[in-house]
Every structure is written in structure tokens, then in C-alpha cells.
Amino acid sequence: MHRERMSNVDRAWLRMDSPRNPMVIIGLFAFAEPLAFGQLSRLFAQRLLRFDRFRQRVEEDVTGHWWVDDPTFRLSRHLKRVRLDDASEAALREHVDRFAARPLELSRPLWEMHFVERPGAPPALAVRIHHCIADGVALVRVMLALAADPPPPARARRRAGAAPTDESAWQGWLDAAAGAARSSLWLGGEVWTESKRTLGEPGRALDLAQAGIRVVADAAAILAMTSDTSTSLKGEPCGVKAFAWNDPLPLDELKPVCRALGASLNDVVLACVTGALRRYLLQRGDALAGDAEFRAMVPVNLRDPRSEPVLGNCFGLAPLVLPIGIESPIERVHEIRARMRELREGFQPALAFLLLAVLGPLPAGLQSVVLGYLAGKASAVMTNLPGPAAPVQLAGARVGRMLFWVPQSGDIGVGIAILSYAGAVQFSIRVDTALCPDPQSIVDGFAPEFERLVMTLAMLPNGVLAGERPVPGEVEYMLGLEWA
């Protein structure tokens, strides 16, 4: 039986589970045409199970956590057929709520999918996968591998350093210690590599010094982070989640606004999300001063985009503060643009990845204290996934809509998801009902905020924005390239 040590970062995500916030990624694929359950089942048997993680369960011993082949694995335990009596989107949303609420069985591979059949409508596929298996970017790549015409390699590449089946406990301890040391020294190794390059290129010394100063400053900023503005969306969750999503917004409608403002797609979409949150909070009676802020922890992808799809977690977290106190939609765009640029130039995501790697082998109680402290400084987790630019097919059926939601850690009760797919942007949300009993009211504010931005822009006198020149290439890049 194959046995492979779980990485420190994946282990940290496994141990982040709590009754109020399970670390499970939720996905929904709504098909645009009929699909037979048998076709999808055969596709998964041929392609999904080539990735070892989907046939492995997690085991724990004194040396840590391991991925172990499940000898009783059957696809039918994880891919199930469900029939709804109602074809409405509300009925599908309710099923996703119930589906996501059930805990995964730790004695089996940590994933499950429901093939949801609806009367008179194409089916949908509801997905839940534990975060320790993979992050959002990896899962999107897996789905693309399933949709690709040529079959993937015979077996997905195993992680480097896989341990032999019969290794001793003593060797396991050594491997765990070595893994922790490698993770702890990763950032230092990058700096050392740059230092050696600087010996041959004296002109790089100033750049290296500036990078070192920025690393120290970003680490201090993480440690000294204060809580964001207290709103009705910040508090103690009850553990009951609800989902909501809107109709996708075509990129063709967004791009002219981006060009006019000299902003990226990210900037404009985030400004509309910020406006939707502001609109909801004001309707709830929250008093928002001009400096009110809503902090979201944002996963930032650290993978090479050219690499093959490999499961696991390879991202850091960066705190993005949304200016919910700003009333002007155009001012919000420019403020978010400045904050996004600051994040892109910093080292906070890499430092957060390093923190998870260091915490992975440490006692679970210490990990909970550190991550709980950081989670208490934010009101939401927000992910921005780059989906396929063209529609994809699974088992011969076109996917009409694609959605993903990432879990929240600590006492964070709001999860915001932005996904680009097939020429449109999808905004969706997952919230704890103790903080927001009606998440659809937040989502429904997205389109009006975009319309308000367009109207405000149209009413400006000619030449007002003439001095705002777009950064070359920034307007055209696909939404979410830098985020997980």
C-alpha cells in the first residue's frame, strides 16, 4: 500500500477544521445541455482517479499525517446521483446548502460530488473537496484536465520525497523535521540566491536591499495588523452556511469601463463588490464613516502558471482592505487600484505561505492560536479564480456556469468568490446565517453598483479622465491571474 507524507502546508489546512468553519472547498457546475450520469461516471473513473489524492485517505501517527491508498475505495461512494423535484435555481441553491453542511468522512478520501438531476432542465454537479487535497487554482486545473481532449498521463506525478511504505517511525521523525527546516529556510534561500547573483551584478545590490527592507516591513505589517471596521458582517458564526450567486457580467461590458478609468478588470470588479457590501450594510443600519474598511484575506497563487496540474496547496494570503466608507464609485476604483498595486509589489503572500509551512508540524493548539489571531483581523475570505476563457465540456456536455467557494477560518463568516469563465465574471458569496440571513441581498447589489459606476462615468465632462492613462496590458489581462 502506497504511503506518502502530507506536506506541512496541507497539514496546516487539515488541522484548521472547526465545527463552525470546515476547511472544505465547494464547487458547482451547471450544465447547459443534457448529460447522462453514466457518461460522467466513466469520465471520472478514467481521468479523475489518475490523481492519487482522490483514492487516498488521511492517516495520522506520532510522526504526522500521511496520504494512504484506501483499499476499500469505490467511486460510487463519492460520486452520487440525486434527483430534485423542482428545477428552479432556488431549489438548487437549497440543495447546495444542505450538501455543504454535512461533514466529510475522515475514514475515506476527503471529497464528494452530487450529480443533481432536475426535471426539464440540464443537470448540475455539486462538488466538495477538503482544502488539504488542493487549493482553488489546482482544482480548476484538474477540471480542465478532465475536459481536455487528449488524456492526461497514466498517473499524476507524485510529490517529490514520497516516503517508502515500510519506513521506520524514527525516519519519519527525521523527514518531518527536515521538511519543517526546508520550509522555514525557503524565504532565506531565495534571498541567498539573489545575494550570489548580486556578486556578479553589483547594480542589483540596491534592488536586493530594497527587497529586504520590504520583507521586514511586510512581516511587521502582518504582526501589527489592527482589526477592520466593526460591522454586522463581523461576529461569531453559528456554523450554518447559505449560498447566493448572481447572473454573470459579460467582460465586453466591463472592458470599456476599464479603459476609460485606466484600471484593470480586478479593480473594477472589486469596486463593484465593495459597493454591494456598502449598500447592504447601509440597508442593515450600519453607520459607515468615510474611513470605514472591510478587510478580506485574499489567497494569492504562488505556482508557475506553466506547470502541470499537481494537487496540494501553493498559495499565500494577503490582506486586502476594501474601502466601504467611500461613496463615489469612481473614487473607489482608484483607491482599490492603488491598494492592489501595493499588494502585488509586496511579500505578504510568500510570508503567509511560510507561516503555514512552519505551523504545519507544530502542535495544533499553537497553530489555532496564531491563525485565530490573524483571522480576527478580517471580516471575509475572498478568492478570485481565473477560469477558462472559452466554454468547456465534461463528458461531452457543455458547462454553462461554474462557481467555487473557499472556506473561512477562525470566526470569519463571509466568503466572497469571483470567477471568470467563458467571457463573463461570476460573483457569488457564502455566509454564516448568524451574520447575514439573506446573502442574496448582497449579491443583488453587484449589478446596480456596476450600473451606477457606468452612469457616473458617463456624466463626467469630456477630458476629466484624460490624465488617467492605463498601464500597458493591465486592462486586458484575464481576471484573477494573480489570485488563488
Side-chain angles (χ1 to χ4, degrees), residues 24-56 70 73-84 86-89 91-93 95-96 99-100 104 108-130 133-134 136-157 245 248 308-311 385-405 419-424 426 428:
V24 177
I25 297 173
I26 307 298
L28 181 65
F29 301 87
F31 291 94
E33 50 198 20
L35 172 63
F37 175 73
Q39 291 177 268
L40 189 67
S41 182
R42 285 190 293 273
L43 174 71
F44 282 3
Q46 296 168 1
R47 296 193 177 184
L48 183 67
L49 299 186
R50 294 172 184 265
F51 293 90
D52 295 341
R53 293 292 179 265
F54 291 98
R55 294 177 286 98
Q56 294 174 324
D70 181 3
F73 175 82
R74 291 203 305 268
L75 180 60
S76 59
R77 289 179 175 176
H78 299 268
L79 177 60
K80 301 176 181 179
R81 192 173 187 175
V82 177
R83 290 183 176 89
L84 300 183
D86 187 347
S88 68
E89 196 160 271
L92 179 60
R93 189 179 296 114
H95 180 78
V96 174
F99 171 69
L104 290 165
R108 297 178 179 176
L110 297 176
W111 65 277
E112 184 182 15
M113 299 184 188
H114 277 186
F115 182 79
V116 183
E117 296 176 316
R118 301 180 289 168
L125 181 68
V127 177
R128 57 188 187 131
I129 299 175
H130 199 285
I133 291 180
V137 168
L139 292 177
V140 168
R141 292 187 180 185
V142 167
M143 297 309 296
L144 290 178
L146 297 180
D149 289 332
R155 290 181 70 85
R157 180 180 298 176
W245 55 82
E308 65 179 270
V310 177
L311 297 180
L385 285 170
V392 299
Q393 291 187 340
L394 288 180
R398 179 168 55 87
V399 177
R401 180 177 293 187
M402 186 184 298
L403 301 101
F404 277 102
W405 296 271
L419 176 71
S420 60
Y421 172 64
Q426 178 80 63
S428 57

Side chain proximity check, [X] to [Y], heavy atoms < 4.5 angstrom:
X    : Y    : answer
F54  : H78  : no
Q426 : P248 : yes
L79  : L48  : no
F73  : L49  : yes

If you look at every heavy atom in [X] and [Y], which pair is closest and at what distance?
X    : Y    : value
L311 : A134 : CD2-CB, 3.7 Å
L419 : G387 : CD1-N, 3.9 Å
A147 : V392 : CB-CB, 4.1 Å
P386 : V140 : O-CG1, 3.9 Å
L92  : A124 : CD1-CB, 4.1 Å
L35  : A395 : CD1-O, 3.6 Å

Next on the checklist: So, taking the atom named CZ in R50 and the one named CZ in F44, what distance separates them when rounded to the nearest 0.5 Å?
Outcome noted: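 Between atom CZ of R50 and atom CZ of F44 there are 14.0 Å.
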Checklist entry - For the atom pair CE (M113) and CD1 (I129), what is the distance rounded to the nearest 0.5 Å? => result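 Going from CE on M113 over to CD1 on I129, the span is 4.5 Å.
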Next on the checklist: Considering only residues two or more places apart or on different chains, which pairs with a residue in residues 389-404 satisfy salt bridge (charged side-chain N to carboxylate O under 4.0 Å, His left out)?
Outcome noted: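 Sorted pair list: E89-R401, D247-R401.
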Next on the checklist: Please confirm whether the ring centroid of F29 lies under 6.0 Å from the ring centroid of F404.
Outcome noted: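 Yes; F404 has its ring centre under 6.0 Å from that of F29.
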Next on the checklist: Does anything in residues 111-121 form a side chain to side chain donor-acceptor pair (under 3.5 Å)? List the pairs, not counting sequence neighbours.
Outcome noted: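 Found K80-E112, R81-E117, R83-E117, H95-H114, R102-E112, E112-H114, E112-R128.
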Item to check | Polar side-chain atom of Y421 near backbone of L403 as donor-acceptor pair, under 3.5 Å | outcome: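 Here the side-chain-to-backbone pair does not exist.
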Next on the checklist: Holding to ring-ring contact (aromatic ring centres under 6.0 Å, His included), I want the full list of residues that pass it with W405, two or more places apart in sequence or in another chain.
Outcome noted: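 Result, ring-ring contact (aromatic ring centres under 6.0 Å, His included) vs W405: F243, W245.
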Next on the checklist: I'd like to know whether E33 forms a side-chain contact (heavy atoms from CB on, under 4.5 Å) with Q393, so could you lay out the CA-CA distance, the side-chain angles of the two residues, the decisive distance to 0.1 Å, and finally the verdict.
Outcome noted: CA-CA 10 Å; E33 50 198 20; Q393 291 187 340; 4.0 Å; yes
